[in-house]
Novice: 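Sharing a structure here in structure tokens format.
Since the model is a prediction, treat every value here as computed from it, not as a measurement. FYI, side chains are in, hydrogens and waters are out, and symmetry mates aren't considered; it's all heavy atoms of this structure.
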Amino acid sequence: MTELVRFELDDKEGSVLVELDPLPGFERLSRGEGNLAQAKVSFENALTGVRDAASSALRQFQEMAVPPDEVELQFGVRLSASAGAVIAKTGVEGHFEVRIKWQREPRLRILSDPS
């Protein structure tokens, strides 16, 4: 059964309503005004863990002996009123898909003069 959950924005100027399917093992939140559940964290705070995971993954690729010229991470994110944001088992399962792409600056190629 889906429920509507309000995630406040950090700037206190608004909120985001999200339709959620409750995650197994997490309790349902009590309903507030207008039959909406209130998330325990702001929208931005919910995404902090996902952002940190992407940053950690990027560091792993940057630390390779020969780092790639381009790295792209793609994953689904599910929102939960009590857990915040979690990385979904599959992108199809996520509430939204996050695609983050880093591209290193082009390497300069030094050509030797054959003369």
Side-chain angles (χ1 to χ4, degrees):
M1 179 178 180
T2 62
E3 62 182 332
L4 288 177
V5 177
R6 181 188 316 273
F7 284 83
E8 297 296 329
L9 299 177
D10 279 346
D11 65 8
K12 307 292 185 218
E13 295 293 322
S15 61
V16 177
L17 289 178
V18 180
E19 184 180 27
L20 302 180
D21 292 320
L23 293 172
F26 288 96
E27 64 185 60
R28 293 177 63 99
L29 295 180
S30 59
R31 300 282 181 177
E33 64 182 65
N35 207 24
L36 293 174
Q38 183 66 39
K40 293 184 178 181
V41 296
S42 70
F43 185 72
E44 292 87 350
N45 283 343
L47 293 174
T48 297
V50 175
R51 182 197 64 206
D52 293 346
S55 181
S56 179
L58 175 61
R59 269 193 310 280
Q60 294 299 312
F61 292 110
Q62 288 173 327
E63 293 171 359
M64 293 174 63
V66 180
D69 291 328
E70 188 170 304
V71 175
E72 181 174 325
L73 299 176
Q74 185 173 335
F75 48 88
V77 174
R78 286 191 68 176
L79 293 171
S80 163
S82 57
V86 296
I87 296 174
K89 289 189 295 188
T90 66
V92 174
E93 190 178 77
H95 287 105
F96 56 94
E97 184 175 278
V98 176
R99 183 177 298 170
I100 305 170
K101 186 174 182 177
W102 294 269
Q103 187 168 351
R104 294 186 334 160
E105 296 200 17
R107 296 183 197 155
L108 293 177
R109 294 182 70 183
I110 300 174
L111 302 175
S112 59
D113 186 0
S115 57

Novice: Looking only at non-hydrogen atoms, find the nearest pair between S82 and K40 and report the distance.
Specialist: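 Looking at all heavy atoms of both residues, the closest pair is CA-CD, 4.2 Å.
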Novice: Ignoring hydrogens, what is the shortest heavy-atom contact between A46 and A85? Give both atom names and the distance.
Specialist: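 Scanning both residues completely, I find the closest heavy atoms to be O-CB, 3.0 Å.
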Novice: Hydrogens and angles aside, do S55 and R51 bring a side-chain donor and acceptor to less than 3.5 Å of each other?
Specialist: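 No, no side-chain donor-acceptor pair sits under 3.5 Å.
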Novice: Linking I/L/V/M/F/W/Y whenever any side-chain heavy atoms sit under 4.5 Å apart, do L79 and V41 land together?
Specialist: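 As far as the 4.5 Å side-chain criterion goes, V41 and L79 are not connected within one cluster.
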Novice: How far apart are the closest heavy atoms of L20 and A81, and which atoms are they?
Specialist: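 It is CD1-N, 3.6 Å.
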Novice: At what distance, to the nearest 0.5 angstrom, does CG of L47 lie from CG of D52?
Specialist: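 It comes to 11.0 Å.
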Novice: At their closest point, which heavy atom of D11 faces which heavy atom of G14, and how far apart are they?
Specialist: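 Between these two residues, the closest heavy atoms are OD1-N, 3.8 Å.
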Novice: Less than 4.5 Å apart, any side-chain heavy atom of E13 and any of L9?
Specialist: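 Side chain of E13 against side chain of L9, heavy atoms only: no contact under 4.5 Å found.
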Novice: Is there a donor-acceptor pair under 3.5 Å between the side chain of Q38 and the backbone N or O of R6?
Specialist: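 It does hold such a pair.
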Novice: So which heavy atom on S42 is nearest to which on D10, and how close?
Specialist: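 Where S42 meets D10 most closely, the heavy atoms are OG-OD1, 2.6 Å.
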Novice: Below 4.5 Å, heavy atoms only, C-beta onward: do F61 and L73 meet side chain to side chain?
Specialist: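 Side-chain contact under 4.5 Å: yes.
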Novice: With rounding to the nearest 0.5 Å, note down the distance linking CD in Q60 to CD in Q62.
Specialist: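 So the CD of Q60 and the CD of Q62 are separated by 10.0 Å.
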